[in-house]
Each structure stands twice: as structure tokens, then as C-alpha cells.
Amino acid sequence: MKRGAVAELALGFMLSGLRWVMPLNVAMRAGERPALRNGRFLTGRVVGIHGCGNIGKEVVRLLQPFGCQIIACDIKDYSDFYKQWNVTPVSFDELLARSEVLTLHLPKTKSTIGLYSREVLSKLRSDCVLINTCRGGIVDEDALLERLDGSKLAAACFDVFAIEPAQNDHLLRHPHMLATPH
């Protein structure tokens with residue numbers, strides 16, 4: 001997928017996760033007619049970007065009309081880009097603690113495989129929408145499912161999985177999981 005396509009998918013996931021598209025769609029398909037629930041707006045949210053390379057930068061550009069507070073964590077110094085686009089560089093711990101939406105744009109390396117472990121996921125806000133459009137295996141999918149089952153994460157939106165094609169039907173069918181093929 002080209003960087004623009006991945007960045008657009010991440011933006012679509014942000015809107016869908018915040019606006020409760022999956023649980024409302026699941027309820028409607030089950031014959032329920034939930035009272036109007038608009039969810040939360042993307043406008044004004046704190047959006048965290050883990051990995052601000054080419055795709056992360058494109059996400060920053062796409063977020064500009066939404067007036068989000070954008071924070072980013074990367075091992076590389078992108079200070080000129082951050083200054084130009086009003087992005088605040090933060091530590092990994094601050095990224096986890098502050099992000100209302102957290103989108104991952106990391107390479108798959110020895111240091112990133114399993115990075116989003118049970119312990120790391122427990123540091124996310126319970127109202128966070130977690131997006132992974134980078135690589136499978138970076139997020140512990142069993143720990144993710146526990147967070148979703150326990151209502152300790154608002155939503156997860158993934159197009160990459162540890163095993164592809166994705167096989168964890170419990171995770172894929174979770175009403176707060178939005179999954180697409182990579």
C-alpha cells in the first residue's frame with residue numbers, strides 16, 4: 001500500500017473508532033436500534049503517532065483540518081518537521097498516557113516485535129482508540145482482546161495481524177474491533 005493509502009486508512013480508522021461505527025453496526029445488524037450515539041469527535045483530540053516516518057508524516061498532514069493536538073514518538077529526530085506542523089515530540093510513556101487516539105507506524109524489527117505487550121497496553125487510556133496499520137506482531141493480540149473485553153480500550157482498528165490472514169475470530173468479531181485485510 002502506498003503511504004497516502006495507509007495514512008488515509010489510519011484517518012478512516014480514527015473516525016470510525018471514535019464514532020463507535022463497529023458497535024453500532026453490530027447492533028444494527030443484530031436487529032437492535034440503539035438510541036442515537038454519536039461517539040466522540042476527532043476534532044480537538046490528542047492524537048499520538050508512534051513512528052513519524054513517511055506514513056506518520058502523511059497522517060500529520062491529513063489531521064490538520066481537525067485541529068488535533070498531535071504528539072509523536074520516534075527514535076529519529078524530526079524536529080524541523082515537528083516545528084513546521086505543530087507536532088510535540090514526547091517520550092514513549094507520555095505517548096501512552098496522553099493519546100486519545102494512538103496510531104502505530106513502526107517497522108517490524110527485533111525491538112518492535114511484541115512492543116505493545118500486556119504491560120504497555122495497560123498504560124493506555126481506557127478511552128483510547130488504538131490503530132495498527134504498520135506490521136503484525138507489534139501488538140500482543142491476546143492482551144489486546146483482554147483490554148477490549150474489559151472495556152479498558154475504546155476501540156482497536158487493525159489491518160495487520162501476527163498471523164495473516166488473521167485467524168483470531170474472537171478478536172475479529174469483537175464489537176469494538178474494526179479489522180480490514182492488509
Side-chain angles (χ1 to χ4, degrees), residues 1-32 34 37 39-40 42 47-56 58-59 62 73-75 92 95-96 99-182:
M1 233 189 280
K2 296 188 184 219
R3 81 179 88 159
V6 175
E8 285 185 14
L9 178 60
L11 182 64
F13 276 161
M14 290 177 199
L15 293 165
S16 297
L18 287 166
R19 298 301 298 257
W20 302 326
V21 169
M22 276 309 296
L24 291 173
N25 181 263
V26 167
M28 294 290 289
R29 286 177 178 227
E32 301 170 25
R37 288 180 48 191
R40 296 178 290 157
L42 177 56
V47 176
I49 299 175
H50 196 176
C52 207
N54 291 329
I55 295 170
E58 188 62 25
V59 171
L62 291 175
C73 177
D74 200 297
I75 59 173
F92 184 49
L95 181 78
L96 299 172
S99 296
E100 294 175 86
V101 173
L102 177 56
T103 183
L104 309 181
H105 302 285
L106 302 168
K108 190 171 188 174
T109 66
K110 288 180 184 179
S111 62
T112 62
I113 293 172
L115 177 62
Y116 280 81
S117 63
R118 182 171 279 104
E119 179 184 346
V120 168
L121 291 173
S122 73
K123 295 178 182 180
L124 293 175
R125 298 166 51 124
S126 62
D127 65 347
C128 182
V129 173
L130 179 63
I131 298 164
N132 185 7
T133 57
C134 61
R135 295 287 180 251
I138 291 174
V139 177
D140 178 332
E141 293 172 13
D142 291 332
L144 174 66
L145 182 57
E146 288 174 15
R147 300 289 299 170
L148 290 170
D149 279 344
S151 299
K152 295 181 179 171
L153 195 62
C157 306
F158 285 38
D159 82 328
V160 290
F161 299 90
I163 298 172
E164 300 216 12
Q167 298 179 9
N168 186 340
D169 286 337
H170 190 144
L171 178 62
L172 295 174
R173 291 184 179 136
H174 196 284
H176 294 277
M177 177 72 184
L178 179 55
T180 61
H182 187 62

message: For E119, is there any backbone N or O sitting under 3.5 Å from a side-chain donor or acceptor partner on S122?
response: yes
Expected output: side-chain T112 to main-chain T109 donor-acceptor under 3.5 Å: yes
Give me the atom names and distance for the closest heavy-atom approach of [X] to [Y].
{"X": "A154", "Y": "H176", "result": "O-ND1, 3.2 Å"}
{"X": "C52", "Y": "D74", "result": "N-OD2, 2.6 Å"}
{"X": "L62", "Y": "E8", "result": "CD1-N, 3.8 Å"}
{"X": "V26", "Y": "P175", "result": "CG2-CA, 4.3 Å"}
{"X": "C73", "Y": "L95", "result": "CB-CD2, 3.8 Å"}
{"X": "P34", "Y": "M28", "result": "CD-SD, 3.7 Å"}

Side-chain donor-acceptor pairs under 3.5 Å in residues 126-134, sequence neighbours left out?
{"residue": "D127", "atom": "OD1", "partner": "R125", "partner atom": "NE", "Å": "2.8"}
{"residue": "D127", "atom": "OD1", "partner": "R125", "partner atom": "NH2", "Å": "3.3"}
{"residue": "D127", "atom": "OD2", "partner": "R40", "partner atom": "NH1", "Å": "3.4"}
{"residue": "D127", "atom": "OD2", "partner": "R125", "partner atom": "NH2", "Å": "2.8"}
{"residue": "N132", "atom": "OD1", "partner": "C134", "partner atom": "N", "Å": "3.0"}
{"residue": "N132", "atom": "ND2", "partner": "R135", "partner atom": "O", "Å": "3.1"}

To the nearest 0.5 Å, how far apart are [atom1] in [X] and [atom2] in [Y]?
{"X": "L115", "Y": "K110", "atom1": "CG", "atom2": "NZ", "result": "16.0 Å"}
{"X": "L121", "Y": "R147", "atom1": "CG", "atom2": "CZ", "result": "6.5 Å"}
{"X": "L9", "Y": "L11", "atom1": "CG", "atom2": "CG", "result": "9.5 Å"}

message: V47 vs E100, test: side chain to side chain contact (heavy atoms under 4.5 Å, CB included). Steps then yes/no.
response: CA-CA 6 Å; V47 176; E100 294 175 86; over 6 Å; no
Indicate yes or no: at least one non-hydrogen side-chain atom of [X] is less than 4.5 angstrom from one of [Y].
{"X": "E58", "Y": "V6", "value": "no"}
{"X": "L104", "Y": "V139", "value": "yes"}
{"X": "H182", "Y": "F158", "value": "no"}
{"X": "T180", "Y": "F13", "value": "yes"}
{"X": "I113", "Y": "I138", "value": "no"}

Identify each donor-acceptor pair in which a side-chain atom of residues 164-173 lies under 3.5 Å from a protein atom, sequence neighbours left out, and give them as a table.
{"residue": "E164", "atom": "OE2", "partner": "F161", "partner atom": "N", "Å": "2.7"}
{"residue": "N168", "atom": "OD1", "partner": "H170", "partner atom": "N", "Å": "3.3"}
{"residue": "N168", "atom": "OD1", "partner": "L171", "partner atom": "N", "Å": "3.1"}

Table please: side-chain donor-acceptor pairs of residues 17-24 below 3.5 Å, with sequence neighbours left out.
{"residue": "R19", "atom": "NE", "partner": "N38", "partner atom": "O", "Å": "2.4"}
{"residue": "R19", "atom": "NH2", "partner": "N38", "partner atom": "O", "Å": "3.4"}

task: Return the orientation label for the H50 and F92 ring planes: parallel under 30°, perpendicular over 60°, tilted otherwise.
output: tilted
field: Test side chain to side chain contact (heavy atoms under 4.5 Å, CB included) applied to L144 and Y116, step by step
entry: CA-CA 9 Å; L144 174 66; Y116 280 81; over 6 Å; no
